[in-house]
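One structure below.
Because only heavy atoms are used, hydrogens play no part in the values below, and waters and symmetry mates are left out as well, while side chains stay in.
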Amino acid sequence: MFRVVIPVRYGSVRLPGKALLRIGGKPMVQWVYERARAAGAADTLIATDDARIAAAAHAFGAEAVLTAAEHASGTDRIAEVAGARGWSPDDVVVNVQGDEPLIPPTLIAQVAALLDSPGAEVATLATPIASIGELLDPNAVKVVTDGRGRALYFSRAPIPWNREGASAGLATQRDFGGARRHVGIYAYRVAALGRLARLPAGALERREQLEQLRALENGLEIRVADAREPPGPDVNTLADLARVEALMAAGAH
């Protein structure tokens, strides 16, 4: 059994109010909610800092919870919900981002199932790097793992880096073979979620601006698996929104 919480804030820096922008006649957050519901979660709810988003959620039949406005991350927002609801420390909760209207339900169930492994506290997914451009793109977060699928590091830098194939600082075809891009979906044990929310940002997290490094810096185990399906694009700009609309019009539902 697992729960899904969709953390949504109104004040997106690049696209304010994006959760309420309409795609195919529905607000974007409704598409995310419906995909999360299709994953087989015991509960699915929206956690937001804004009454407009809560009202929209209620209008399409979703459960929405108003949370504190000062949360710095979705993790903090979900931790507030878990504490207020009194969820058990061993319960599993999946963080599904509110700007991913094409997230496959399969991936939501997959990341939750990774916490069936003994000792696993946090889980996430990855997908193969497909090009040199993606390897070098700082917005494409890379992840490396050990032989048991436990995360060693996440970085905006191109990792792992092929020393022999990178003469003069130029990446070549073989440099991205085996490299993996992080997919931003997480499952947590509630106990680990609460611990993360109480911890301060570490030096690596501050440098890379990657919240998941807080878990690694503090000794939490993160399980990583290859996503069973392509994750679909998220929405950060109006161009992203147009791309998603075009994909949906072409049948990507």
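Using a distance-only test at 3.5 Å, with no hydrogens or angles considered, no donor-acceptor pair links the side chain of E221 to the main chain of R150. Of the possible donor and acceptor atoms, none in the side chain of T75 sits under 3.5 Å from a partner among the backbone N and O of L193. Judged by distance alone, the side chain of Q212 and the main-chain N or O of F154 form no donor-acceptor pair under 3.5 Å.
Electrostatic pairing of R148 and D146 does not count as a salt bridge here, judged by no charged N lying under 4.0 Å from a carboxylate O.
Residues L196 and V81 fall within the same hydrophobic cluster, defined by Ile, Leu, Val, Met, Phe, Trp and Tyr side chains chained together at heavy-atom separations under 4.5 Å. Both V122 and Y153 are members of a single hydrophobic cluster when ILVMFWY side chains are connected at heavy-atom separations under 4.5 Å. Residues V224 and Y188 share a hydrophobic cluster, clusters being chains of Ile/Leu/Val/Met/Phe/Trp/Tyr side chains in contact below 4.5 Å. Both V94 and V29 belong to a common hydrophobic cluster when Ile, Leu, Val, Met, Phe, Trp and Tyr are linked at side-chain heavy-atom distances under 4.5 angstrom. Note on I129: it does not cluster hydrophobically with V183, by side-chain heavy-atom contacts below 4.5 Å among ILVMFWY residues.
A heavy-atom distance below 4.5 Å is found between the side chains of V92 and R189. Side-chain contact check for R180 versus T145: some heavy-atom pair is nearer than 4.5 Å. Contact of the E217 side chain with the L199 side chain is not registered, since no non-hydrogen atoms from C-beta on lie closer than 4.5 Å. Contact annotation: the side chain of V190 never approaches that of S88 to less than 4.5 Å [non-hydrogen atoms, C-beta and beyond]. Residues V141 and R156 have side chains in contact (heavy-atom distance under 4.5 Å, counting atoms from C-beta outward). In this structure, V96 and R35 have side chains that are not in contact, with every pair of non-hydrogen atoms separated by 4.5 Å or more. Under the 4.5 Å side-chain criterion, counting only non-hydrogen atoms from C-beta, H71 is not in contact with R9.
T48 contributes atom OG1, which lies 6.5 Å from atom CG of L66 (distance to the nearest 0.5 angstrom). Atoms CD and CG, on E205 and L210 in that order, are 8.0 Å from each other to the nearest 0.5 Å. In this structure, CG on L152 lies 8.5 Å from CG on L216, to the nearest 0.5 angstrom. E211 CD to Y186 OH: the interatomic distance, rounded to the nearest 0.5 Å, is 7.0 Å.
The number of heavy-atom neighbours closer than 6.0 Å to CZ of R37, taken from other residues, nucleotides and ligands shown, is 12 or below.
Sorted by first then second residue, the side chain to side chain donor-acceptor pair (under 3.5 Å) pairs that include residues 58-70, not counting sequence neighbours, are E63-R85, T67-R77.
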Only pairs under 3.5 Å count here: list side-chain donor-acceptor contacts from residues 97-108, not counting sequence neighbours, and write none if there are none.
unit_1, atom_1, unit_2, atom_2, d
Q97, NE2, N95, OD1, 3.3
D99, OD2, K18, NZ, 2.9
T106, OG1, E229, OE2, 2.8

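Checking each of I46, L20, V32, D50 against V8 for a side-chain contact (heavy atoms from CB on, under 4.5 Å) leaves exactly one that passes, namely I46.
Residues satisfying the ring pair (Phe, Tyr, Trp, His ring centres under 6.0 Å) criterion with Y10, sequence neighbours excluded, are absent altogether.
By the 30° and 60° cut-offs, the orientation of the rings of Y33 relative to F60 is tilted.
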